[in-house]
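Scope of the values below: all heavy atoms of this structure, side chains included, with no hydrogens, waters or symmetry mates. Sequence lines set the chain letters: A, B, ... in the order given, protein chains first and strands last, and positions in each chain run from 1.
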Amino acid sequence: MEATSRSFKDNARHALVDPDLQQALARMKAGFVVNRAAAVARLPEFDKLRDEARAIKDHTLEHLDFYLERFERQVTAAGGHVHWCRTADEARQAILAICRSVDAKTVTKGKSMIGEEIAINDYLEANGITAVETDLGEYIIQLRHEPPSHIIAPAIHVTKKQVADSFYATHRTLDAGRKLDEPRALVDEARAMLRQSYLDADVGITGANFLIAETGSTVIVTNEGNGDLTQTLPKIHIVTASLEKIVPTLEDASTILRVLARSATGQEFSAYTTFSTGPRRAGDLDGPGEFHVVLLDNGRSALLGTELQDILRCIRCGACMNHCPVYGAVGGHAYGWVYPGPMGAVLTPTLIGVEEASDLPNASTFCGRCEEVCPMRIPLPKLMRHYRERAFDRGLMPPLPRLALALWAFLAKRPLFYRWTVGLGVRLLALAGSRRGRFRRLPFAGGWTRHRDMPAPQGKTFQQRWDEAGGAR
Amino acid sequence: MSDARDQILATIRRARGGNGDAAFHAVAEQRLQLKARGTIPKRVDRGPAALVDLFVEQALTLSATVDRVASPDAVPAAVAEYLARENLPATLRAAPSPEIEAIPWRDRPALTVTFGRSDGHDEVGLTPAFAAVAETGTLMLRSGPDHPTTLNFLPDTHVVVLRASRIVGPYEEGWAMLRAAGAMPRAVNFVSGPSRTADIEQTIQLGAHGPRRLHIVLIEDGDAR
Ligand code: SF4
């Protein structure tokens with residue numbers, strides 16, 4: 001997708017006054033945040049497991065070449081193929097070549113952030129291949145021609161009414177008078193419509209939550225079962241994965257799995273965790289005839305040995321964005337590319353360039369919640385600060401951290417909420433004001449008046465929604 | 001694409017400063033051999049009978065249903081009654097595994113049982129479970145000629161026949177059993193409850209793309225262990 005991270009501030013300003021979005025974000029707090037806290041409380045070993053999960057990834061990154069080579073050997077031994085790709089373009093070409101080898105007309109897709117990162121759907125469509133997203137959230141945003149707004153809940157910003165509108169507009173073969181008022185009806189309709197796609201598809205593409213060096217397995221973690229249908233039914237299964245997804249053993253994956261679902265949705269374990277190793281075996285009655293792993297670097301190997309290496313531990317659980325006051329105020333689309341929230345603020349400049357995304361590392365109040373909840377103990381505020389300093393050094397820093405100011409203005413007009421968030425506000429002020437005294441020379445007043453013109457937010461106040469959500473802590 | 005491979009590996013080695021000597025690789029090799037376990041949650045620290053109870057308790061919280069029966073002979077009646085209770089057709093598509101085939105299905109002539117993969121037209125699929133993980137109420141299913149994966153996902157209802165003696169505490173015990181049974185199968189499916197989604201306004205709906213119902217028939221053969 002075309003990155004709009006450059007316009008983060010404009011994106012954010014629109015997001016703050018979008019009532020549907022603000023409602024969706026309130027629901028996110030009530031759901032993910034509360035459920036995670038409950039799941040963590042049920043597992044006394046949680047923090048110890050986080051330390052171990054971090055150590056596993058640190059060890060793996062330290063020996064990345066060894067584990068990747070072993071992984072490749074094991075995939076090959078199981079009858080599969082590994083395609084090493086330096087760039088998004090190489091990955092797209094590798095996937096297209098595999099699809100062409102069986103003259104594929106349709107491809108089904110399980111949820112894959114790498115698929116988003118390399119914009120594979122557009123590429124396949126441009127080459128005459130229909131790509132059908134099968135994860136319900138991904139399907140919805142595909143119909144709406146939108147990027148995901150959250151890494152585990154891609155359509156979190158969409159209301160059920162909007163989903164119904166998309167379904168009426170797309171599923172033209174169905175009775176136009178049918179009722180689609182309830183989530184149940186929408187889920188059932190998507191289930192029925194996508195069923196045939198699974199059975200018709202020539203190729204199924206999934207992502208991977210883990211790659212296992214020991215066995216050459218790829219792992220997907222889902223709740224819907226769409227990923228499994230996607231990879232079991234077609235002739236070919238293509239796995240798209242970035243190289244830092246690797247872990248040494250099944251035991252290592254199990255340790256990290258214990259913190260993944262709990263951090264993501266507050267489930268103890270997702271409904272389906274599937275380990276795939278190679279294509280259909282002799283005597284098997286089903287399963288794909290070919291198994292391909294498209295292994296993507298796209299700038300990640302260059303982070304090794306740098307201050308930013310820690311972000312390669314990320315397991316894409318989404319906890320950092322669920323707990324982020326900035327994400328919670330502006331949603332995922334404001335970040336302008338596929339990875340939103342704190343992890344996106346660190347990863348996006350790495351992948352598309354500091355020039356394109358120089359605002360993102362500023363989209364933080366440095367409240368530290370993201371690091372507190374990150375199961376892999378990634379020091380996200382420190383990494384964002386790193387980018388800010390780099391951007392400053394390269395003269396890319398915007399004249400004012402405008403978003404911070406906009407948020408502050410929004411908060412300051414609400415005394416009660418302001419009181420609650422005084423600690424936060426102080427940090428915002430610090431951010432808007434001065435870092436090493438160098439912003440003091442900047443034209444403060446101009447930015448201020450610009451943001452006074454910001455339309456007043458509609459609907460409930462932040463604080464009301466916060467109370468409804470039972471607070472975040 | 002071997003250029004890409006070489007270049008990626010070279011970048012990784014450069015970042016570490018050097019090619020990595022034999023001793024360096026030995027550390028990783030040893031880790032693969034050791035297969036060390038991380039912290040195992042205390043909740044699975046209990047005897048076999050209590051593990052079975054924990055499994056059932058956890059499976060129920062995941063919206064699965066569980067029937068406990070005394071022996072394989074009791075399975076046909078339990079399945080028939082479940083299907084009647086749920087208003088489902090008395091027709092099963094079952095995994096062609098010796099364990100499932102040995103069940104005396106003929107005791108219940110009203111049940112139609114055929115064996116093989118699912119083509120998407122079966123209402124009810126029935127499979128064995130390789131093992132089950134009490135820690136989270138999770139079934140561990142292993143693909144193979146005797147267990148087509150399509151049976152786990154295509155039918156609206158998935159009935160799983162599980163022996164209590166196959167219930168372990170943590171996932172790691174499941175891996176140990178799997179390694180003892182031979183090579184890594186094409187697919188290992190960990191299943192925790194029926195399919196679900198919260199993609200529409202964060203409300204949980206069961207039966208997204210996979211089964212709407214997950215029913216476990218638990219054979220209490222625990223003493224045989
Ligand atoms: S940075 Fe941490 S909290 Fe955020 S998605 Fe990655 S692992 Fe999860």
Side-chain angles (χ1 to χ4, degrees), chain A residues 27 31 43 45 48-49 52 63-67 83-86 90 134 136-137 153 155 159-160 163 183-184 186-187 191 194 199 214-215 217 223-226 228-229 232 248-251 254-255 268-269 271-278 280-281 283-287 297 301-302 304-305, chain B residues 1 4-5 7-9 11-13 15-17 20 24-25 27-28 31-32 35-39 41-42 116-117 120 136 138 143-145 148-150 152-154 170-172 175 184-203 205 207-211:
Chain A
R27 268 195 303 270
L43 187 70
E45 295 87 355
K48 193 145 176 255
L49 286 162
E52 292 171 2
H63 299 81
L64 191 58
D65 52 334
F66 176 89
Y67 288 119
H83 307 260
W84 301 71
C85 302
R86 282 167 291 200
E90 285 183 355
T134 62
L136 180 55
T159 63
K160 66 182 179 196
V163 177
R184 183 72 254 165
L186 294 164
V187 172
R191 178 186 173 98
L194 284 167
L199 297 163
E214 172 198 353
T215 55
S217 310
N223 275 310
E224 298 185 359
N226 65 304
D228 289 281
L229 290 167
T232 306
T249 63
L250 297 168
E251 280 73 9
S254 305
T255 294
E268 300 219 324
F269 218 55
Y272 301 112
T273 300
T274 296
F275 290 68
S276 305
T277 313
R280 181 192 288 222
R281 305 278 167 84
D284 277 359
L285 302 174
D286 54 21
D297 182 348
S301 60
L304 292 168
Chain B
M1 210 94 48
R5 181 184 191 279
Q7 202 182 323
I8 291 168
L9 289 171
T11 310
I12 295 169
R13 287 175 186 138
R16 198 178 44 226
F24 191 80
H25 283 326
V27 174
R31 189 186 177 100
L32 290 180
K35 308 182 201 323
R37 297 177 180 187
T39 294
K42 284 250 180 326
R117 58 162 284 167
T136 48
T138 300
S143 77
T149 310
T150 39
N152 309 339
F153 296 100
L154 278 173
Y171 314 105
E172 287 81 349
W175 292 128
M184 190 76 178
R186 184 191 69 75
V188 177
N189 299 106
F190 286 98
V191 175
S192 310
S195 154
R196 63 194 61 211
T197 183
D199 274 346
I200 296 176
E201 297 197 346
Q202 297 270 292
T203 57
Q205 304 289 331
H209 294 283

Side-chain (B:R37) to main-chain (A:T255) donor-acceptor, under 3.5 angstrom: no

Taking every non-hydrogen pair under 4.5 Å, which of B:P185, B:G144, B:P211 racks up the most with chain A? B:P185

If I measure from the heavy atoms of chain B, does A:L199 come under 4.5 Å with its side chain, its backbone, both, or neither? side chain

Max heavy-atom pairs within cutoff under 4.5 Å with chain B, candidates A:G305, A:A271, A:G283, goes to A:A271

Verify, without hydrogens or angle tests, whether B:H209 (side chain) and A:L229 (backbone) share a donor-acceptor contact under 3.5 angstrom. no

Does the pair A:R86 and B:I8 meet the rule for a side chain to side chain contact (heavy atoms under 4.5 Å, CB included), with working shown? CA-CA 7 Å; A:R86 282 167 291 200; B:I8 291 168; 3.9 Å; yes

Side chains of A:Y272 and B:N152, heavy atoms from C-beta outward: is any pair under 4.5 Å? no

Chain A contact via B:T150 - side chain, backbone, both or neither, heavy atoms under 4.5 Å: both

Ignoring hydrogens, what is the shortest heavy-atom contact between A:P183 and B:I200? Give both atom names and the distance. CB-CG2, 4.0 Å

Measuring from A:L64:CG to B:L9:CG, what's the distance to the nearest 0.5 Å? 8.5 Å

Could you have a look at A:E224, A:E45, A:H63 and say which one has the most heavy-atom pairs with chain B under 4.5 angstrom? A:E224

Can you check whether B:Q205 reaches A:L186 side chain to side chain, under 4.5 Å on heavy atoms? no

Salt bridge (Lys or Arg N to Asp or Glu O under 4.0 Å) filter on B:E172, not counting sequence neighbours, yields A:R258

Is B:A198 in contact with chain A via its backbone, its side chain, both, or neither, using a 4.5 Å heavy-atom distance? neither

Region of A:T215 that comes under 4.5 Å of a non-hydrogen atom in chain B: side chain

Counting only non-hydrogen atoms closer than 4.5 Å, does A:L194 touch chain B with its backbone (N, CA, C, O), its side chain (CB onward), both, or neither? side chain

Look at B:Q202, B:Q7, B:K35, B:E201 and state which one has the largest set of heavy-atom pairs under 4.5 Å with chain A. B:E201

Where on A:S217 is there a heavy atom nearer than 4.5 Å to chain B: the side chain, the backbone, both, or neither? side chain

From CG (A:D286) to CZ (B:R186), nearest 0.5 Å: 6.0 Å

For A:W84 and B:A4 the tightest heavy-atom approach is O-CB, 3.4 Å

If I measure from the heavy atoms of chain B, does A:K160 come under 4.5 Å with its side chain, its backbone, both, or neither? both

Among A:R280, A:R27, A:K48, residue most engaged with chain B (heavy-atom pairs, under 4.5 Å): A:R27

Rounded at 0.5 Å granularity, tell me how far CG in A:L250 sits from CE in B:M184. 5.0 Å

If you take all heavy atoms of A:S254 and B:W175, which pair is closest and at what distance? OG-NE1, 2.9 Å

Heavy-atom distance under 4.5 Å to chain A: side chain of B:P194, backbone, both or neither? backbone

Counting only heavy atoms closer than 4.5 Å, note whether B:T149 contacts chain A via side chain, backbone, both or neither. both

Counting heavy-atom pairs under 4.5 angstrom with chain A, the leader among B:G38, B:G120, B:A36, B:S195 is B:S195

Heavy-atom pair with the smallest gap, counting every atom of A:S301 and B:T11: OG-CG2, 3.4 Å

Comparing A:D297, A:V163, A:T232, A:D228 against chain B, the one with the most heavy-atom pairs below 4.5 Å turns out to be A:D228

Let me confirm one number: the CZ-OG1 distance from B:R31 to A:T249, rounded to the nearest 0.5 Å. 6.0 Å

Tell me which of these, B:T138, B:V27, B:T39, has more heavy-atom pairs under 4.5 Å with chain A than the rest. B:T39

Between B:P145 and A:L285, what is the shortest heavy-atom contact and its length? O-CD1, 3.9 Å

Per-residue tally against chain A (heavy atom, under 4.5 Å) across B:P148, B:S143, B:P170 peaks at B:P148

B:Y171 side chain reached by A:T273 side chain, heavy atoms, under 4.5 Å: no

Non-neighbouring partners of A:E52 that pass salt bridge (Lys or Arg N to Asp or Glu O under 4.0 Å), sequence neighbours left out: none

